[in-house]
Amino acid sequence: MARRIIIDTDPGQDDAVAILLALASPELDVVVITTVAGNVPQPLVTANALAMCELAGRTDVPVHMGADGPLERELYTAEYVHGPTGIDGADLPTPVMKAKDDHAVDFIIEACLDADDPITICPIGPLTNVAAAIARQPSIVSAIREVALMGGGFFEGGNTTPVAEFNIFVDPDAASIVFNSGVPLTMFPLDVTHEALVLPDDLERFSGLGTRAGTAVAGMLDYYERHDIEKYGFEGAPLHDPCVIAYLIEPQLFSGKPCRVDVETESELTMGQTVVDWWGVTGAEPNAMVIDSVDRQGFMDLLVERIGAL
Ligand code: RIB
Ligand code: CA
């Protein structure tokens, strides 16, 4: 039976590719897509999620709008990476499909409590919605099979400040709630996603698919890679969010180990840093499976194959 998942997202080109991968994969049953302000504000992130459902021919998948800002802090967005629309390069029409009425947090709580087989939540943006759901209804923690999230960094540092990765930096208070909730947690930090690069040949493979989805993915990645190529000298864009979905489909592509992870929520200097006890020096009980390595070629082959099926 397909694994039931919730994708909580702030599209963003890499989120968009993650959504397409999930919708193209029979191993996964995308129960709902919930949106959170992050890369760009609401309602743009919601419009972008709707556009991906339409592009994948999956207007059956409900999209619920969620938080328009962090629990405590001011919203910080990343148009400097993703462009003003958040999915620049996609070149898609305005979606006809509409978001559902219920707020994302209400739906997350309902979906977790109603599930006869425990649900997997895939946060690939700031953790505001997931933290709000846990804070409002702590009993969902025991009903959740796994939270597999993109966020944080340790040896790789940060991409938004010297020590903080974007999803955690935007809402560190939410991240702290999730990391301390006791939920089964798998973390995909920059240490693995910076290995998941789209090389020039891969970009050719997407555009060579000759499909609407392949062309949209190639266009989005061509736009999105510019910032990180210039900043890091990478050969291509790091596909952060699709790592989470690929792990659910082919876990053998990834490796890591259980670690204690804490989130800085006090110091402005290190706000949003994920302090990963990789060497176990604190002796603290691990609260997350921290992934630090990916088979890049296998990951890319899976992506091209599945996007090509749309
Ligand atoms: O730091 C990368 C993460 O922040 C990705 O999820 C990207 O989409 C942005 O949300
Ligand atoms: Ca994201």
Side-chain angles (χ1 to χ4, degrees), residues 6-22 33-42 44-49 51-52 63 66-70 75-83 85-90 104 121-130 147-154 156-172 174-175 178 186-198 217 220-221 223-229 231-232 234 236-247 263 271-274 291 294:
I6 293 174
I7 300 177
D8 188 67
T9 178
D10 64 332
Q13 289 89 349
D14 61 321
D15 302 69
V17 176
I19 292 168
L20 293 173
L21 174 60
I33 295 174
T34 53
T35 65
V36 59
N39 286 320
V40 289
Q42 293 284 13
L44 266 179
V45 285
T46 300
N48 295 340
M52 288 308 118
V63 175
D68 60 7
L75 178 61
Y76 174 87
T77 55
E79 288 88 344
Y80 58 90
V81 177
H82 300 275
T85 72
I87 53 171
D88 284 49
I121 301 181
C122 304
I124 51 177
L127 289 160
T128 316
N129 289 335
V130 179
V147 170
L149 67 85
M150 191 279 143
F154 52 110
E156 192 72 3
N159 61 2
T160 305
T161 76
V163 295
E165 176 279 326
F166 180 84
N167 288 339
I168 311 299
F169 175 76
V170 169
D171 199 340
V178 175
T186 305
M187 171 188 182
F188 292 79
L190 298 177
D191 300 75
V192 61
T193 67
H194 278 183
E195 288 181 13
L197 300 181
V198 181
V217 167
M220 286 192 285
L221 295 180
Y223 179 92
Y224 159 75
E225 70 176 12
R226 298 170 201 179
H227 176 269
D228 281 0
I229 286 175
K231 177 175 177 181
Y232 297 107
F234 285 160
L239 272 182
H240 306 285
D241 296 337
C243 285
V244 171
I245 305 301
Y247 158 78
V263 180
M271 184 61 67
Q273 179 175 15
T274 49
I291 303 297
V294 61

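Order of listing sets the numbers, starting from 1, for every ligand and every atom in it. We're numbering straight along the sequence, starting at 1. What you see is a predicted model; the values in this text were computed from it and never measured.
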Restricting to N/O/S atoms, is Phe166 within less than 3.0 Å of the Ca ion (ligand 2) or not?
no
Is it the case that Asn129 and Thr34 place a side-chain donor and acceptor less than 3.5 Å from each other?
no
To the Ca ion (ligand 2), the closest N, O or S atom belonging to Asp241 is OD2
How close do Val36 and Asp10 get, counting heavy atoms only, and between which atoms?
O-CB, 3.1 Å
For Ile33 against Ala49, the heavy-atom pair lying closest together
CG2-CB, 4.0 Å
Considering only non-hydrogen protein atoms, determine which one is nearest to atom 10 (O) of ligand 1 and report residue, atom name and distance to 0.1 Å.
Asn167 OD1, 2.8 Å
Atom of Ala164, atom of Gln273 and distance for their closest heavy-atom approach
CB-N, 4.1 Å
With respect to His82, determine whether any N or O atom, backbone or side chain, lies less than 3.5 Å from an N or O atom of ligand 1.
no
Parallel, tilted or perpendicular, judged at 30° and 60°: which one describes the rings of Tyr76 and Phe169?
perpendicular
If I apply the N/O under 3.5 Å rule, does Leu190 come out as touching ligand 1?
no
Under 4.0 Å from a heavy atom of Asp14: give me the atoms of ligand 1 that qualify, with their elements.
5 (C), 6 (O), 7 (C), 8 (O)
Measure the shortest side-chain to side-chain distance between Asn39 and Val81 over non-hydrogen atoms and say whether it is less than 4.5 angstrom.
no
If you compare all heavy atoms of Ile124 against all heavy atoms of Ala18, which two are closest, and at what distance to 0.1 Å?
CD1-CB, 3.9 Å
Just which atoms of ligand 1 are under 4.0 Å from any heavy atom in Asp15?
8 (O)
Only heavy atoms of Phe166, strictly under 4.0 Å: list the atoms of ligand 1 that pass.
1 (O), 4 (O), 9 (C), 10 (O)
Taking all non-hydrogen atoms of both residues, which atom of Thr9 and which atom of Asp15 are closest, and how far apart?
OG1-OD2, 2.9 Å
Against heavy atoms of Asn39, which atoms of ligand 1 measure under 4.0 Å?
7 (C), 8 (O), 9 (C), 10 (O)
Can you tell which part of Asp10 has a heavy atom less than 4.0 Å from ligand 1: side chain, backbone, both or neither?
side chain
Heavy-atom check, side chain of Thr274 versus side chain of Met187, under 4.5 Å
yes
Closest heavy-atom pair, Val178 versus Val130, reported as atoms and distance to 0.1 Å, is CG2-CG1, 4.1 Å
List the closest protein heavy-atom neighbour of atom 1 (O) of ligand 1: residue, atom name, distance to the nearest 0.1 Å.
Glu165 OE2, 2.5 Å
What angle sits at the Ca ion (ligand 2) between OD1 of Asp15 and OD1 of Asp10, to 10°?
90°
Note: ligand 1 atoms sitting under 4.0 Å from heavy atoms of Ile124 are 6 (O), 10 (O)
Which residue supplies the protein heavy atom nearest to atom 6 (O) of ligand 1, what is that atom called, and how far is it?
Asp241 OD1, 2.6 Å
Atoms in ligand 1 with a heavy atom of His240 nearer than 4.0 Å
2 (C)
For the residue pair Phe234 and His194, categorise the inter-ring angle as parallel (less than 30°), tilted (30 to 60°) or perpendicular (more than 60°).
perpendicular
Heavy-atom distances under 4.0 Å are what count here, so tell me which part of Thr160 touches ligand 1: side chain, backbone, both or neither.
neither
Which atoms of ligand 1 have any heavy atom of Met150 under 4.0 Å away?
2 (C), 3 (C), 5 (C), 6 (O)
